[in-house]
2 protein chains.
Amino acid sequence: MQLRNQVEWVLHCCAILAMLPEGARLSTRALAEFHGVPKEYLSKALQSLAQVGIVEGSLGPAGGYRLARPASAISFLDIVEAVEGGGRSFACTEIRCNAPCHPPGFRPEGPCQVARIMWRADDAWRRELAAQSLSALADQLGRELPADLQSRTAGWLKKRISS
Amino acid sequence: MQLRNQVEWVLHCCAILAMLPEGARLSTRALAEFHGVPKEYLSKALQSLAQVGIVEGSLGPAGGYRLARPASAISFLDIVEAVEGGGRSFACTEIRCNAPCHPPGFRPEGPCQVARIMWRADDAWRRELAAQSLSALADQLGRELPADLQSRTAGWLKKRISS
DNA sequence: CGTAATGCGGATATTGTATATCCATTAGGA
DNA sequence: TCCTAATGGATATACAATATCCGCATTACG
């Protein structure tokens with residue numbers, strides 16, 4: 001069980017977007033170069049973010065992406081689910097109904113106990129991610145990253161910012 | 001991100017084994033028929049359980065599997081990780097090191113902040129599964145399953161028990 | 001205007017993993 | 001001795017993740 005590579009990519013992309021000045025945009029090309037990932041494929045992931053309203057894209061030269069709402073209103077769960085989908089990690093196929101000693105077509109009432117337990121763990125995972133906001137990450141990075149690294153990064157980004 | 005089908009299968013298999021009388025065994029064939037899943041493939045999953053000491057297989061006719069320790073000492077996490085592996089759901093590839101503005105070969109100290117947050121969610125998931133024992137599941141099933149279903153199941157299993 | 005850069009969506013190729021099956025071997029009960 | 005069982009290796013199949021390519025509509029800028 002493993003999350004897509006795209007999840008890591010868009011989380012870092014969102015972190016970058018969250019540290020940009022208000023209203024500034026970055027192109028897919030810039031984000032891909034910054035993280036060393038394939039531009040075309042990253043583009044797909046960013047489109048997923050745009051479709052659920054986490055980022056907002058604009059066309060033309062000087063186009064690109066920016067956050068569609070304040071970083072404090074974007075959770076890790078929002079981002080992960082935009083790329084990965086909202087499904088459960090445990091898929092119950094109701095194999096308890098297959099027992100040859102059950103009457104054919106048997107359908108029990110209520111969800112499978114095994115599934116209930118697995119889904120509770122899923123909920124705990126989601127709850128943890130829902131509690132983490134993008135702004136908290138940006139703050140943390142601003143506090144812990146060495147100053148020289150931050151200024152070099154800021155300089156590189158400044159040259160790539162559109163609009 | 002989805003768990004293997006095998007995870008569902010072995011969880012239900014362990015539930016059955018936990019409800020068997022002390023020392024009784026069930027063959028892969030019986031477990032596969034009971035759940036309506038392919039015997040050969042289920043066998044692989046059960047072998048994974050045997051390798052980490054959750055179940056114990058024996059050869060020959062009247063052979064089969066039984067739990068290797070009390071159901072109260074087996075957690076859902078034990079079973080899931082036996083099949084799925086103990087790896088994290090989020091794999092950090094350190095793309096933060098790829099930034100073209102960083103000095104080449106740059107390696108930051110400490111884990112990536114993004115990864116730390118994702119791993120915390122993984123930990124919450126694992127904690128939840130570690131807290132659920134196989135005996136608790138068996139108790140729950142014994143309490144909630146309709147009596148007629150339980151007796152029919154017990155009868156079917158009795159005919160298949162080895163040793 | 002026209003040109004180039006951008007996001008967007010569709011189509012497709014490539015790779016890798018989950019799923020599934022088969023077989024040879026070993027071991028044990030009848 | 002024969003049958004049945006787990007074990008482990010090899011292999012086939014299906015499907016999803018990864019990656020690339022192309023055509024299109026839009027828009028900034030000269």
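The analysis underlying the following values was restricted to heavy atoms, covering all of them including side chains, and did not include hydrogens, waters or symmetry mates. Note on naming: letters A, B, ... go to the chains in the order of the sequence lines (proteins, then strands), and numbering restarts at 1 for each one.
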Self-check item: Shared hydrophobic cluster, A:M1 / B:L77 (ILVMFWY, side-chain heavy atoms < 4.5 Å)
Solution: yes
Rounded to whole Å, the CZ-P distance (B:R4 to C:dG16) equals 16 Å
Whole-Å distance, B:N5 CG to C:dA20 P, equals 6 Å
Atom CE of B:M1 and atom P of D:dT18 are separated, to the nearest Å, by 13 Å
Residue pairs meeting salt bridge (charged side-chain N to carboxylate O under 4.0 Å, His left out), one or both in residues 144-163 of chain A, sequence neighbours left out, come to A:E33-A:R160
Hits for side-chain contact (heavy atoms from CB on, under 4.5 Å) against B:R25, two or more places apart or cross-chain, chain-then-number order -> B:E56, B:S58, B:R66, B:S162, B:S163
Per side chain to side chain contact (heavy atoms under 4.5 Å, CB included), A:V55 is matched among A:I74, A:I79, A:L49 by A:L49
Here the pair of heavy atoms bringing B:V114 nearest to A:F76 is O-CE2, 4.2 Å
Worksheet item: If you look at every strand shown and take non-hydrogen atoms under 4.0 Å, does B:S162 touch a base, only sugar-phosphate, or nothing?
Response: nothing
note: B:R66, atom CZ; D:dA6, atom P; distance rounded to Å ~ 13 Å
Residue pairs passing the side chain to side chain donor-acceptor pair (under 3.5 Å) test with at least one member in residues 68-88 of chain A, sequence neighbours excluded, are A:S75-A:D78, A:E81-A:R126, A:R88-A:D123
Numerically ordered, the residues 26-38 of chain B set in heavy-atom contact under 4.0 Å with DNA chain D is B:S27, B:T28, B:R29
Rounded to whole Å, CD of B:E40 lies from C1' of C:dC23 at a distance of 9 Å
Sorted by chain and residue number, the side chain to side chain donor-acceptor pair (under 3.5 Å) partners of B:S133 (sequence neighbours excluded) come out as B:S135
To the nearest angstrom, the OH-P distance between A:Y65 and D:dT27 comes to 15 Å
Nearest-nucleotide check on DNA chain D, B:K39 vs A:L42; residue mapping nearer the 5' end is B:K39
B:Y41 OH to D:dA12 P, in whole Å, measures 17 Å
The answer to which of A:A62 and A:E84 contacts DNA chain D further toward the 5' end, by nearest nucleotide, is A:E84
side-chain contact (heavy atoms from CB on, under 4.5 Å) filter on A:A32, not counting sequence neighbours, yields A:V37, A:K39, A:L42
Side-chain atoms of A:L59 come closest, of C:dG29, C:dT26, D:dT26, to D:dT26
By side-chain contact (heavy atoms from CB on, under 4.5 Å), A:S43 pairs with (sequence neighbours left out) A:T28, A:Q47
Across all chains, not counting sequence neighbours, the side-chain contact (heavy atoms from CB on, under 4.5 Å) partners of A:A99 are A:C101, A:H102, B:F34
Within residues 7-25 of chain B, the residues having a heavy atom closer than 4.0 Å to DNA chain C are B:W9
Numerically ordered, the residues 43-53 of chain A set in heavy-atom contact under 4.0 Å with DNA chain D is A:K44
Residue pairs meeting salt bridge (charged side-chain N to carboxylate O under 4.0 Å, His left out), one or both in residues 94-105 of chain B, sequence neighbours left out, come to B:E94-B:R96
For residues 6-19 of chain A, the side chain to side chain donor-acceptor pair (under 3.5 Å) pairs (sequence neighbours left out) are A:E8-B:T93
Rounded to whole Å, the CD-P distance (B:Q6 to C:dT19) equals 6 Å
